[in-house]
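The block underneath contains the structure these notes are about, expressed in structure tokens.
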4 protein chains.
Amino acid sequence: MEFDSNKPIYLQIADSICNRILHGELKGEDRIPSVREFGARIGVNPNTVARTYDTLTDQGVIYNKRGIGFFVTEDAAANIRREAKELFLKEELPAFAKKAQLLGVSKEDIIKQL
Amino acid sequence: MEFDSNKPIYLQIADSICNRILHGELKGEDRIPSVREFGARIGVNPNTVARTYDTLTDQGVIYNKRGIGFFVTEDAAANIRREAKELFLKEELPAFAKKAQLLGVSKEDIIKQL
Amino acid sequence: MEFDSNKPIYLQIADSICNRILHGELKGEDRIPSVREFGARIGVNPNTVARTYDTLTDQGVIYNKRGIGFFVTEDAAANIRREAKELFLKEELPAFAKKAQLLGVSKEDIIKQL
Amino acid sequence: MEFDSNKPIYLQIADSICNRILHGELKGEDRIPSVREFGARIGVNPNTVARTYDTLTDQGVIYNKRGIGFFVTEDAAANIRREAKELFLKEELPAFAKKAQLLGVSKEDIIKQL
DNA sequence: GTGGTCTAGACCACC
DNA sequence: GTGGTCTAGACCACA
């Protein structure tokens, strides 16, 4: 696994897991590797993987069976999309609006293409 | 000079030159280095730099004096902004619109933020 | 295919393609040969053909379907004529005017023949 | 000496002589080589050179001293320019006018640049 | 298979 | 010296 320098590694790991879910490589109730195993495999500290799993758990993408491991939730894909939508509304849309204004693109031009 | 892997080198060089123009480090009629000198300095093949200069010439950012070298045009900054706007309208806006639809973001939510 | 020495090969190839379009031998959405096939057929380097295709793409005469090949645009003929007119106004007209002045041909003599 | 295929060799030789006169390499009363010598030097049949000299004599660019050779006339440069002007009016101007009309360039656009 | 990019090195015309 | 063009061959992403 390779990492960009401009985004925390734990989020990049989360992205790759989400992508595998969206692509159907991981389905509901599939088990994902332990933090130690996953960390060793991709060469990062287990704590980093733990933070990834923590984040994904908060987003309802995976859940923990105590003493067993982490599993993909049944509605993981839906939750990922919901999360992406939030991000889109909070981050991308304002950035997009700012850039449009900076370049002098009118509202009308944008609305036309929606 | 460092290069990302996700964008052609010749365009990254073009970007860096455009940025120096937008920041006022390069002004109209300033000479920019020869393809050979620039290539040697940043460690890329002269042909790659030539491609950069060719692209910027097409965009009206620089022009060539035969046998002398390349020079920044008087209206370079304006042409850079015009080019950026075109790119935005042709590439980013459609991608944005597509993503918005995919995530189920309504037109109204977008229009509100413009 | 034969080449004059006074014009770059890649532009001569472009001209021949444009002519075939203007003569109706190539129509909108027709596929043109791959850079490798065309290069082999006419005996030039594929890179040279690629430059031709790049130029024609900039002029809106052909477009690329990724992984498939290049195709003639619907409005190729119109774009070719527009391009020819631009060239005429920017290059040939000034050269003509300069030569007329150099030879002492009066405006009136020219206007008479227009 | 090299020759294009699209123009008679004897005229190409004439052009080269005229150019040398216009550039001052040959002046009034300078002797030019005999048809045999010139033909041998540039690798063409003496008859071809003779035709060149015949043509240039008609145009008042050179003249013959019987038994001596050919010499540049005093007003050679002026005669070359007069000849060029005639050619311009008879050939280039009509071709130019035709092309302008073909491309839909208006008279006004042309007159502006004269 | 397709084109896109990059390198290395060559030759040319122009200044 | 300058850029412009062309070749040969390489590697890549995408389909």
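Protein chains get the first letters and strands the later ones, always in sequence-line order, with residue 1 at the start of each. What you see below is based on every heavy atom in this structure, not just the backbone, and it leaves out hydrogens, waters and symmetry mates. This structure is a prediction, so every number in the text was calculated from the model and none was measured.
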The single option from A/Asp30, A/Leu26, A/Asp15 that satisfies side chain to side chain contact (heavy atoms under 4.5 Å, CB included) with A/Arg20 is A/Leu26
Round to a whole Å and report the spacing from CZ of B/Arg31 to C1' of F/dG3. 11 Å
Rounded interatomic separation in angstrom, taking CD1 from B/Ile9 and C1' from E/dG4: 13 Å
Output the distance between atom CG (C/Asn79) and atom CD (C/Glu83), rounded to the nearest 0.5 Å. 8.0 Å
Kindly say if B/Arg51 contacts the phosphate of E/dT5, meaning a side-chain N or O under 4.0 Å from OP1 or OP2. yes
Mind checking the CZ-OG1 spacing from A/Phe38 to A/Thr52? Nearest 0.5 Å is all I need. 8.0 Å
Specify the separation, in whole Å, of atom CZ of C/Phe38 and atom P of E/dG3. 12 Å
I'd like to know if C/Arg36 reaches the base of E/dG3 with its side chain such that a donor and an acceptor end up less than 3.5 angstrom apart. yes
Is there a side-chain contact between C/Ser34 and the phosphate of E/dT2, meaning an N or O under 4.0 Å from OP1 or OP2? yes
Can you check whether B/Glu29 reaches B/Tyr63 side chain to side chain, under 4.5 Å on heavy atoms? yes
Is F/dT7 paired to anything, Watson-Crick or G-U wobble with both distances less than 3.5 Å, and if yes, which nucleotide? E/dA8
Kindly say if C/Tyr10 contacts the phosphate of F/dT5, meaning a side-chain N or O under 4.0 Å from OP1 or OP2. yes
Mind checking who F/dA13 pairs with, Watson-Crick or G-U wobble, both distances under 3.5 Å? E/dT2
Round to a whole Å and report the spacing from CG of C/Asp54 to P of E/dT2. 18 Å
From the options E/dT7, F/dA8, E/dT5, select the nucleotide whose nearest atom is closest to the side chain of C/Asn45. F/dA8
Euclidean distance, atom CZ of residue B/Phe71 to atom C1' of F/dG3 [Å, nearest integer]: 12 Å
Does C/Asn47 get its side chain close enough to the base of E/dG4, under 3.5 Å, for a donor-acceptor pair? no
Looking only at E/dT5, F/dA15, E/dT7, the nucleotide nearest the B/Val44 side chain is E/dT7
By nearest heavy atom, map C/Ile68 and C/Gly43 onto DNA chain F; which one lands nearer the 5' end? C/Gly43
What's the closest nucleotide to the C/Val35 side chain, out of E/dA8, E/dG3, E/dC6? E/dG3
Is C/Asn64 touching bases, backbone alone, or none of the nucleic acid, heavy atoms closer than 4.0 Å? sugar-phosphate
